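Residue numbering restarts at 1 for every chain, and letters A, B, ... go by the order of the sequence lines. Everything numeric here is computed off the predicted structure, so don't read it as measured data. Keep in mind that the numbers below use all heavy atoms, side chains included, and drop hydrogens, waters and symmetry copies.
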Amino acid sequence: MNLPKAYNAQDYEDKIYKQWEASGYFNPDNLPGNGEPFSLLFPPPNVTGVLHLGHALENALMDTQIRYQRMLGKKALLLPGTDHSAVATQARVEKNLQAQGIKHPRTEYGREKLVSIIRDFAEQSKSTILNQIKKLGTSCDWSRLAYTFDEQRSRAVNELFVRMYRDGLVYKGYRVINWSVKGQSTCSDDELVYVEQTTKLYTFKYSKDFPIAIATTRPETKLGDTAVAVHPNDERYQQYIGKEYTINIGAAKPLVIKIIADDTVDMNYGTGAVGVTPAHSMADYDMYLKHPDIGLIQVISEDGCMTEQAGKAYQGLTALAAREKLVAWLKDNNLIIKEEELVHSVGTSDRFSDVVEVIPKEQWFVNVNKIIPGKNKTLKDLMREAAAKIKITPERFEKTYLRWIENLRDWCISRQIWWGHRIPAWYKDKEVYVGIKAPLEQGWQQDEDTLDTWFSSGTWTFSTLGWPKQTADLKKFHPISWMQMGHEIIFFWMARMILMTTYALDSIPFKEVYIHGMLRDKQGRKFSKSLGNGINPLDVIKQYGADALRLSLLKGITPGNDSKFYEEKVEDSRNFVNKVWNVARYVTTSPSIPPLKGEGGEAIADSWIESKLNRLIQEINNYFEHYQYSLAAEKIYEFLWHDFADWYIEITKFQPNPVLTKQVLETTLKLLHPFIPFVTEVLWSELHPGKLLMIETWPQADATKINPTIEKQFADIQDIVTQIRDLRAKYNIAYSTKITLFTKKPVSGTKDIIEHLTKVVISEGSGMGKVQLINDAYEFTLDLQSVIDVPKYQAQLKKEIVELKKYVVSLNQKLNTPEFISKAPARIIEVEQKKLADKKAILEKLEKSLQEL
RNA sequence: GGACGCUUAGCUCAGUUGGUUAGAGCAUCUGCUUUACACGCAGAGGGUCGCAGGUUCGAAUCCUGCAGCGUCCACCA
């Protein structure tokens, strides 16, 4: 075997990925054996651009999990896919077009042409993304590749829409919705991004005679007020409840304001009274539903300007201009009582980033509070019940999810954009038809609107498996065994999948969810286009390799918590990958080193490494079960580098055991494979030409090999070796300088190890030297006087003695405390007593050492 | 306003059910051309675990309060 000194990932990764693909083992149907199915589903990335490092983290998590499961012998499926992400993609393409000088893409191109431009963009983006996924080494089943907007998924979406419509869960209604003026489309409550803004809060009266003052930050909407709400128990306003007042503040018709009682009003805030504008506030609309007689007046239109109903003086003005004008009028009429600055958050559109207006409009909604026919439960109930059946890691996110359900309103699912699933509803005169396909007769017009992208993503766990057909895949792989996602997507996606699946399949969508944190840059900022701090994973891969990138993303993370990305981390992982490479290179090329005569020392090192290895396997399996990838990776890192390479391999240089060395290497490669699949696979093909590591059997721990006594003995040897090395380093004794170690006690099994690792010569029986090396098991005298600086060493010893004395005193005190003796468990007392005895012995020897010098 | 999270070495973070003198990587310093690896080897220094109380024989770990940072939610008009 002739491997280069340094591992160069670029020389191997593409080749290895092709081998994996060609093997067919990404597809669970081709895996050998009769293992249980294990399914894992890609959160489909948006086809709005390229994958960023956050996606790389997700890929690393998923692929590590699926490779582990595959090696456990399960029928492991990682199903890949992408999301057409309706609004996001259309907004993106429109922005691009506008940058090219196309001011109004929708009017200039028309529906068909614009959709086709978006499609081209999406396809382009999709292929970039799929290529990136391959570069990351993700072992997904490409034969099952899905897209939220492909034929199969569209069928599922339409089918579900129709079913929900027939069950009365999807309805068309006139309600207030969030409206992006810039995007000319609705958006759901969850799509709003709240931005802090300082505005003026005006406290005023509608007229001189009006009995109650109210406050608002948006005076212009007051042209559409129809009521004033007070708390039913508020004594100040009791007398007015139920009364109506006609006022005139400039609207087209004089406003009839009814005083209503509603317990959602906070008596202690402001004047304790709320001006109710049903048409332009979600909360006010809810009150209107409870008091429908107050009516609803729309004063702001879809273009963000005032409507005819707002009155001649205001019609056509932008909301802002109308505000100024109305404030001026109120001032002129001495109706303003107070003006104050107020910081509050305003909802803005996620995709078009303009302030969102609340306006009433006829739209399609999902009713979350209606009893589902035949089930005696609402969608909210189903979503709530599902939480108990799904294991969320970390658990705290379950609470977040449940609270969200409580606040959930009917979900507006229609969008006035063209990129997306067109709503399967047709109109002819006043007739409405909802069905999978258009009616056969002439004259039916399909609804112009498209569905919210999350409506399709919600079907993801089952539409990807062939639903509505009752496929074998659906039977085998649903519910999905494990999913991972970022916490920012819990409401958008996780909640919607639960809603859709519990309704359509009467089942939970997945058994377990792992919530990961957000990846941030070195300074802790989000990665974003506007900051320009984005990093393309491919650039990192090019420089350090996919394995290094993956490992660096997984190390140092804990479930649900954000992590930072920076290059030094990747470098460290790259160094580790190279270490793995060189360990394997050494193990496979070094049998020629002549064995030296040992005294049974090889038995200790061999049993020790076997013990450590089997302990490691146990730990790793435990970590995997608890999704502690970071800890698992760190443990293997530690073992491979600091146990296997630094100690065991160094010992095999004079006490070779080629069979065991190779065995340990192979087991370690298996344990590492889920994390760093490429390099381990390359090495495996060197060890076993023609075989694939990816389907090798995951190591099982042999508990009988775990031997604490041997581990303790070996730790003692390590201790002595380290002490000698420490002295060499402290007193600048070169390794070529031979120093002599005298011992009175037998050092069976350890002599060779100590001699070779420290380049000392061990002589028996004589105590000529002056430096005592002490630990629990061995006692040596080291003749160092010829080579060390004695006063310096004395000073060092004194310092150590002082510190040790302090510790012994405190330990002694603790052990003599009556409470400790009476209350601490016997196990602890025993440990502490032994500790005290050990430390005392060491202290004694150190003092003796000092005297002799 | 509510909820949640974070605060441990210069930096990035671990620390499982409370129990040896709190760990790792990076960075710093010292010494090594030891033929697998300088993407390396051998060492060293560096922390009153955010602050203040409490529970306990024993607290980084459990409880209470406070401070700073962050995230999410919300109908403060």
Distance below 4.0 Å between [X] side-chain N/O and [N] OP1 or OP2:
X        : N     : answer
A:Thr558 : B:A14 : yes
A:His487 : B:C4  : no
A:Lys823 : B:U56 : no

base_contact_polar (B:U21 base, A:Lys839 side chain, donor-acceptor, <3.5 Å):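 Answer yes: a donor N or O sits under 3.5 Å from an acceptor.
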Polar pair under 3.5 Å, donor/acceptor by atom type, side chain A:Lys579, base B:C37: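 When only heavy-atom distances are counted, A:Lys579 does reach the base of B:C37 through a donor-acceptor pair under 3.5 Å.
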Shortest side-chain distance from [X], nucleotide among [options]:
X        : options             : value
A:Leu811 : B:A77, B:U21, B:C37 : B:U21
A:Ile828 : B:C41, B:A77, B:G19 : B:G19
A:Arg520 : B:G70, B:C41, B:C57 : B:G70
A:Arg396 : B:G5, B:A36, B:G25  : B:G5
A:His642 : B:A42, B:G25, B:A36 : B:G25
A:Tyr269 : B:A77, B:C57, B:C73 : B:A77
A:Ala824 : B:C57, B:G5, B:C37  : B:C57
A:Lys653 : B:A77, B:C4, B:A36  : B:A36
A:Leu342 : B:A36, B:A77, B:C39 : B:A77

Whole-angstrom distance between B:A36 and B:C4, as gauged at atom C1':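 50 Å, rounded to whole Å.
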A:Tyr206 and A:Phe204 aromatic ring geometry - parallel, tilted or perpendicular at 30°/60° bounds: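 Ring orientation, 0 to 90° scale: perpendicular.
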